[in-house]
Amino acid sequence: GHSNSVIHGDLHAGQLIVDTARLAGLIDLDDLSAGDPAADIGNFAAHLATRDKSGRMDPHASLSHWLQAALAAYGEAGGCVSPALAGAYGRLALICRALKFREGGNPELLAALGGVSSG
């Protein structure tokens, strides 16, 4: 495994500093730790899936799409992670995001995932 890699811990587009279409840096390193990069890839894909405006309304389909894209990009950059593990982290991150949205008054994602939307 890659459990000794440095990972961001809360990787999503809002944490990236981009300069002329190239990654220039990362911010918000509070959750920086050693772990498997699959965690960052799964979280990144879940964030993209919850902001997906491409017409894929099903959050599971959207997560699958963004996981494939993130895994492909990571592979092109020379990285290697378990797609199954990245998927597991992505599904967990999607649930966490749905619960966070519900706390903020938006139960739609949780309902779409098959969770309880009230209470």
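Along the sequence shown, the residues carry numbers beginning at 1. Worth knowing before you read on, the calculation uses all heavy atoms, side chains too, and leaves out hydrogens, waters and symmetry mates.
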Quiz prompt | Gly14 to Ile27 - nearest heavy-atom pair and separation | solution = O-CD1, 3.6 Å
Quiz prompt | Qualifying ring pair (Phe, Tyr, Trp, His ring centres under 6.0 Å) pairs with a residue from residues 15-50, counting only residues at least two apart or across chains | solution = His12-His47
Quiz item: How many angstroms lie between atom CD1 of Ile17 and atom CG of Leu23, to the nearest 0.5 angstrom?
Solution: 8.5 Å
Quiz prompt | Heavy-atom closest contact (Val81 atom, Ala38 atom, distance) | solution = CG1-N, 3.7 Å
Practice problem: Identify the two heavy atoms, one from Ile41 and one from Ala70, that lie closest to each other, and give their separation to 0.1 Å. | Solution: CG2-CB, 3.9 Å
Quiz item: CG/Asp28 to CG/Asp10 distance, rounded to the nearest 0.5 angstrom?
Solution: 6.0 Å
Self-check item: Heavy-atom pair with the smallest gap, counting every atom of Ala93 and Ala46
Solution: CB-CB, 3.5 Å
Self-check item: Nearest atoms (heavy-atom pairs only) where Ala49 meets Pro59
Solution: CB-O, 4.4 Å
Exercise. Could you tell me the separation between the CZ atom of Arg97 and the CG atom of Leu113, rounded to the nearest 0.5 Å?
Key: 11.5 Å
Quiz item: What about Ile95 and Tyr89, same hydrophobic cluster or not, with Ile/Leu/Val/Met/Phe/Trp/Tyr joined at side-chain heavy-atom distances under 4.5 Å?
Solution: no
Exercise. Nearest 0.5 Å please: distance from the CG atom of Leu67 over to the NE2 atom of His60.
Key: 12.0 Å
Exercise. Identify the two heavy atoms, one from Leu71 and one from Ala86, that lie closest to each other, and give their separation to 0.1 Å.
Key: CD2-CB, 4.0 Å
Quiz item: Rounded to the nearest 0.5 Å, how far apart are CG of Asp31 and CG of Leu11?
Solution: 11.0 Å
Quiz item: When you look at Ile7 and Ser33, which way does the side-chain contact (heavy atoms from CB on, under 4.5 Å) test go after all the steps?
Solution: CA-CA 6 Å; Ile7 62 171; Ser33 64; 3.7 Å; yes
Self-check item: Sidechain-backbone polar pair: Asp40 side chain, His8 backbone, donor-acceptor under 3.5 Å
Solution: yes
Quiz prompt | Approximate separation, where rounding is to 0.5 Å, of Thr50 OG1 and Lys100 NZ | solution = 10.0 Å
Quiz item: Trp66, Leu92: one ILVMFWY side-chain cluster at the under-4.5 Å cut-off?
Solution: no
Self-check item: Same apolar cluster (I L V M F W Y, side chains within < 4.5 Å links), Leu85/Val6
Solution: no
